[in-house]
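Each chain gets a letter, A, B and so on, in the order its sequence line appears, and its residues count up from 1.
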Protein chains: 2
Amino acid sequence: MGGPLDAAPSAAGSGPASLHDATPESTAAFHSVGFTVSTIGYAVARDFRQILAPLELEPREFALLRAVAASEGQSQHAIGDRLQIPPSRMVAFVDALEARSLIERRHNPEDRRTRALHLTGAGRELIDRAFALAVGHEQRLCGDLSDAEREQLLALLRRVAAQLGLAPGVHAALLDSVVADG
Amino acid sequence: MGGPLDAAPSAAGSGPASLHDATPESTAAFHSVGFTVSTIGYAVARDFRQILAPLELEPREFALLRAVAASEGQSQHAIGDRLQIPPSRMVAFVDALEARSLIERRHNPEDRRTRALHLTGAGRELIDRAFALAVGHEQRLCGDLSDAEREQLLALLRRVAAQLGLAPGVHAALLDSVVADG
DNA sequence: TATTGTTATACTCTATAACTATA
DNA sequence: TATAGTTATAGAGTATAACAATA
């Protein structure tokens, strides 16, 4: 949702009464950690999508390429498991990347049911280019922060993540196709 | 996407080479501000959706209710504009809330094309309950942070938002139905 | 002629469940 | 009988464009 989605008013403990006064979203919106992190997270994801667009690569395709690169030769199912992508969705994703000769399916002689995923040379090159763009994106995001401030931000965010019971490294958005990274 | 979506490796300047080594997402993932804020933002949104679920209210419906509350009597179009919701989508949203007698459309004698939106008593009550849940959510998110740390986190996030050219208070996710707040 | 609200159509994405081939 | 991959079907959500009423 949008501006009015902010759930915490200017004063955290002011209570529901402030909902009905004349001060709308514009002033109260950015005082809630929940709304702020959700808003910025979404904007970052959208921004990253645009950053990757020139490569004709979606964030989730970048994620998939990276997963294949990280453990080459794994079965389609295994990689889908790690990314929490159901088997039937993996098919289309792998199809698209294979059609562009970025990855390839190979038969596994030991178990002819499985298809081992491997990167091609073109796939490696594209990952490198995407990675360079991502690093640039990250640097732009943090352009206003010193190294110490950046570490501080990450430390604070991790403590919020812990409150959510969030497992490090797993982006739930994968399932819903909202994805991004810097 | 998921874990492998992190674009920045453990060392921010290490470069694409680290893509091909044996260290996968698990260790590198949470070192990028972009990935971290996007991941947590998504998790917060999902969490908030579950918080609201007992009220049978979606985050975007909460946002819409709040927008109506903030400027009662505004036309459907005006409120849609503020929330960046196109007119044709507003119809279904307002239909749903009106069917539950949370808001109502009234004819405007001065311009009979427009429908002024007003909250009902039930709508006000539901907002209050949703708001209480949102405050609890925010407190849980920040349960591990002192007041000073919370302000620090918000200040750092705002500086990242500024780098993105993000207008305070407008949650772009409204358009894409990924929405939340604490 | 422009605008508000509405409706209709087509398209995308996803989940679910069959289906095959191997094991 | 179970599993990896695939395909088919149906459903949700959305964008786009037409439409009616009013200005």
Could you state the [atom1]-[atom2] distance from [X] to [N], rounded to the nearest angstrom?
{"X": "B:Glu104", "N": "C:dG5", "atom1": "CD", "atom2": "C1'", "answer": "18 Å"}
{"X": "A:His107", "N": "D:dA4", "atom1": "NE2", "atom2": "C1'", "answer": "12 Å"}
{"X": "B:Ile85", "N": "C:dT6", "atom1": "CD1", "atom2": "C1'", "answer": "16 Å"}
{"X": "B:Met90", "N": "D:dT14", "atom1": "CE", "atom2": "C1'", "answer": "16 Å"}
{"X": "B:Phe93", "N": "D:dG13", "atom1": "CZ", "atom2": "C1'", "answer": "9 Å"}
{"X": "A:Ile79", "N": "D:dA4", "atom1": "CD1", "atom2": "C1'", "answer": "14 Å"}
{"X": "B:Gln76", "N": "D:dA21", "atom1": "CD", "atom2": "C1'", "answer": "15 Å"}
{"X": "B:Arg106", "N": "C:dG5", "atom1": "CZ", "atom2": "P", "answer": "15 Å"}

Which one of A:Ile127, A:Leu119, A:Leu126 satisfies the side chain to side chain contact (heavy atoms under 4.5 Å, CB included) criterion with A:Leu102?
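One option only clears the test, and that one is A:Leu126.
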With a 4.0 Å cut-off on N to O distance, would you call A:Glu72 and A:Arg124 a salt bridge?
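Salt bridge present between A:Glu72 and A:Arg124.
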Between A:Glu98 and A:Arg100, does any side-chain N to carboxylate O distance fall below 4.0 Å?
no
Within a strict 4.5 Å, meaning less than it, do heavy atoms of the A:Val68 and A:His118 side chains meet?
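A side-chain contact is absent here, since even the closest heavy-atom pair is not under 4.5 Å.
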Would you call A:Pro87 and A:His77 a side-chain contact if the rule is heavy atoms closer than 4.5 Å?
yes
Within the distance-only criterion (no hydrogens, no angle test), does the side chain of B:Ser71 pair as donor or acceptor with the backbone N or O of B:Gln74 below 3.5 angstrom?
no
Would you tell me whether B:Gln76 and B:Arg105 have side-chain atoms, one donor and one acceptor, within less than 3.5 Å of each other?
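B:Gln76 vs B:Arg105: donor-acceptor pair found between side chains.
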Modelled atom types, side-chain donor and acceptor of B:Ser32 and A:Glu138, under 3.5 Å:
yes
Below 4.0 angstrom from OP1 or OP2 of C:dA15, is there any side-chain N or O of A:Arg89?
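Yes, because at least one side-chain N or O of A:Arg89 sits under 4.0 Å from OP1 or OP2 of C:dA15.
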Show your reasoning for whether side-chain contact (heavy atoms from CB on, under 4.5 Å) applies to A:Leu166 and A:Val160.
CA-CA 9 Å; A:Leu166 213 60; A:Val160 173; over 6 Å; no
Can B:Leu64 and B:Ile79 be said to form a side-chain contact (heavy atoms from CB on, under 4.5 Å), step by step?
CA-CA 8 Å; B:Leu64 184 46; B:Ile79 292 193; 3.7 Å; yes
For DNA chain D, find the residues of residues 95-103 of chain A with a heavy-atom distance under 4.0 Å and give them by number; none if there aren't any.
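Those residues whose heavy atoms fall under 4.0 Å from DNA chain D, taken from residues 95-103 of chain A, amount to none.
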Mark up nucleotides 17-23 of chain C, 5' to 3', with B wherever a protein heavy atom is under 4.0 angstrom from a base atom, S wherever such an atom reaches only the sugar-phosphate, and - elsewhere.
B----BS
Please give the angle, rounded to 10 degrees, between the axes at the start and the end of the helix from C:dT1-D:dA23 to C:dA23-D:dT1, where five pairs define each axis.
20°
Step by step, work out the side-chain contact (heavy atoms from CB on, under 4.5 Å) result for A:Phe48 and A:Phe62.
CA-CA 11 Å; A:Phe48 187 61; A:Phe62 180 44; 3.9 Å; yes
